[in-house]
Amino acid sequence: METKLIHINENGTELTAQEESGLRQAGEIIKSGGLVAFPTETVYGLGGDALNPASSRKIYAAKGRPSDNPLIVHICRFEDIREIVSELPEEAIKIADAFWPGPLTMILPKSRAVPRETTGGLDTVAVRFPSHPVARRLIECSGGYVAAPSANRSGKPSPTCAGYVAEDMAGRIEMIIDGGQVGIGLESTIIDLTEESPRILRPGYVTQEMLDHVLGKVDMDVTILDSDSGRAPKAPGMKYRHYAPEGRLVIVEGEPEQVVAYINRHVEEDREKGEKTGVIGTTEVLEQYRADVVKCIGSRRAQEDIARNLFSVLRELDDEKVASIYSESFPEQGLGQAIMNRLRKAAGHRIVRLPAEEGDSRPEG
Ligand code: AMP
Ligand code: MG
């Protein structure tokens, strides 16, 4: 299959006639059962008609995603949610008032309109109303309900620009809409509203504190905070290896000087074994690293930059064929919860906590 590429100006407002006609064409592709990748404020999504079971099956096939891992249904008007859920609790309306359109997904009981192919066999449905103008217009042109997981091959870091979508999806889908670099860079926060009390299943840009503020105390799924909880995560997707670069990634936690010293020592050892080495570091200590490839993820003082750069840095390390990667660790406050959740998964939970015994410290997990 040939994948058509179209461009839309970065902020997606005031579309030219040509851009508008491109989006209409994209909408027709989705309505007739095809797939289109498009920018959102979080990461690029791979969109198909959420109410068409055949489209959902195509999404799983294009991504190589296990079919028990449900898709998020994207809408472009709040009212449209009523068609796809069978209950709309008070909390959902409060959350929508506070955070929609925006980077937040709610889990609710599904209506009969939503096929089980879209929900991975579950009776619940994940719903998001994105704020990105191109995403909203595309959803409108596609009939209003677009199932869209991140537009990467399963297991790879989510794409933050159209180039990375093309790397994974060219030849597998009908169209890619290039809307430039995304703003947030991490996938939406997921909150489950189907149990007794609301619970965060995946941390994201909308933080626990922000949700606490609107709903009172909101819990975090234990499997997010503790990889050894022995329990299955409620969001099926959270159990899979994810976001992983090809190289072996180890997170190193501790005081900055210790971290730099540990990483430099291990980089040296790995290089002696013939491996190409890489480091993910912050501006503050970047020039002290001795690895073959040193990637700047941003300043320790700018969490939003770290979030935005994380997935592209992982992809760049793959592009440079780095075999052994060390990353600094980040404080787990606010957006830091989402950053560390993705980074830990990318590392397959290999974490070194300093100070460890000199010489023989081994990554956990
Ligand atoms: P992605 O589409 O790549 O952003 O991943 C979607 C995430 O939402 C996965 O982790 C899914 O497991 C999760 N998800 C989607 N629908 C549901 C649902 N009905 N219940 C729980 N988690 C869900
Ligand atoms: Mg994904």
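Residue numbers count from 1 along this sequence. Atoms within a ligand are numbered from 1 in the order they appear, just like the ligands themselves. When reading the values below, keep in mind they use all heavy atoms of this one structure, side chains included, and skip hydrogens, waters and symmetry mates.
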**Asked** When rounded to the nearest 0.5 angstrom, what is the spacing between CD1 in Ile325 and CG in Leu317?
**Response** 4.5 Å

**Complete:** Note: ligand 1 atoms sitting under 4.0 Å from heavy atoms of Leu122 are 18 (C), 19 (N), 20 (N)

**Location of contacts on Arg65 toward ligand 1, heavy atoms closer than 4.0 Å** = side chain

**Side chain, backbone, both or neither: Thr124 near ligand 1, heavy atoms under 4.0 Å** = both

**Request:** May I ask whether Thr119 has any heavy atom positioned less than 4.0 angstrom from an atom of ligand 1?
**Result:** no

**Message:** With no hydrogens and no angle check, just 3.5 Å: does a side-chain donor-acceptor pair link Asp270 and Ser324?
**Reply:** yes

**Message:** Using a 6.0 Å cut-off, check whether atom CD of Glu287 has over 12 heavy atoms from anything other than its own residue.
**Reply:** no

**Prompt:** Which bit of Ile190 gets closer than 4.0 Å to ligand 1, counting heavy atoms only: side chain, backbone, both or neither?
**Reply:** side chain

**Prompt:** In Å and rounded to the nearest 0.5 Å, what is the CZ to CD1 distance from Phe99 to Ile191?
**Reply:** 8.5 Å

**Prompt:** Which residues pass the ring pair (Phe, Tyr, Trp, His ring centres under 6.0 Å) test with Phe311, sequence neighbours left out?
**Reply:** Tyr243

What pairs of donor and acceptor atoms, side-chain ones from residues 17-31 against any protein atom, are under 3.5 angstrom apart with sequence neighbours left out?
{"from": "Glu19", "atom 1": "OE1", "to": "Asn9", "atom 2": "ND2", "distance (Å)": "3.1"}
{"from": "Glu19", "atom 1": "OE1", "to": "Thr16", "atom 2": "N", "distance (Å)": "3.0"}
{"from": "Glu19", "atom 1": "OE2", "to": "Asn9", "atom 2": "N", "distance (Å)": "2.8"}
{"from": "Glu19", "atom 1": "OE2", "to": "Asn9", "atom 2": "ND2", "distance (Å)": "3.4"}
{"from": "Glu20", "atom 1": "OE1", "to": "Arg137", "atom 2": "NE", "distance (Å)": "3.1"}
{"from": "Glu20", "atom 1": "OE2", "to": "Arg24", "atom 2": "NE", "distance (Å)": "3.4"}
{"from": "Glu20", "atom 1": "OE2", "to": "Arg24", "atom 2": "NH2", "distance (Å)": "3.4"}
{"from": "Glu20", "atom 1": "OE2", "to": "Arg137", "atom 2": "NE", "distance (Å)": "3.2"}
{"from": "Glu20", "atom 1": "OE2", "to": "Arg137", "atom 2": "NH2", "distance (Å)": "2.5"}
{"from": "Gln25", "atom 1": "OE1", "to": "Lys4", "atom 2": "NZ", "distance (Å)": "3.4"}

**Request:** Please name all residues satisfying salt bridge (Lys or Arg N to Asp or Glu O under 4.0 Å) with Glu316, sequence neighbours left out, ordered by chain then number.
**Result:** Lys295

**Request:** Please check if atom CD in Glu79 has more than 12 non-hydrogen atoms from other residues, nucleotides or ligands closer than 6.0 Å.
**Result:** yes

**Complete:** Short version for Lys110: what comes under 4.0 Å of ligand 1, heavy atoms counted, is neither

**Message:** Closer than 4.0 Å to some heavy atom of Ala126 - which atoms of ligand 1 meet that?
**Reply:** 15 (C), 16 (N), 17 (C)

**Request:** Determine whether Arg65 and Ile59 make a side-chain contact, defined as any pair of heavy atoms from C-beta on separated by less than 4.5 Å.
**Result:** no

**Prompt:** For the Mg ion (ligand 2), how many protein N, O or S atoms lie at less than 2.8 Å?
**Reply:** 1

**Asked** Taking Tyr205 as the fixed residue, which of Glu304, Glu187, Glu41 is the one that meets the side chain to side chain donor-acceptor pair (under 3.5 Å) rule?
**Response** Glu304

**Asked** Which one holds for Asn69 and ligand 1: side chain close, backbone close, both close, or neither close, with close meaning a heavy atom under 4.0 Å?
**Response** side chain

**Complete:** Near Arg202 (heavy-atom distance under 4.0 Å), the atoms of ligand 1 are 1 (P), 4 (O), 5 (O), 6 (C), 7 (C)

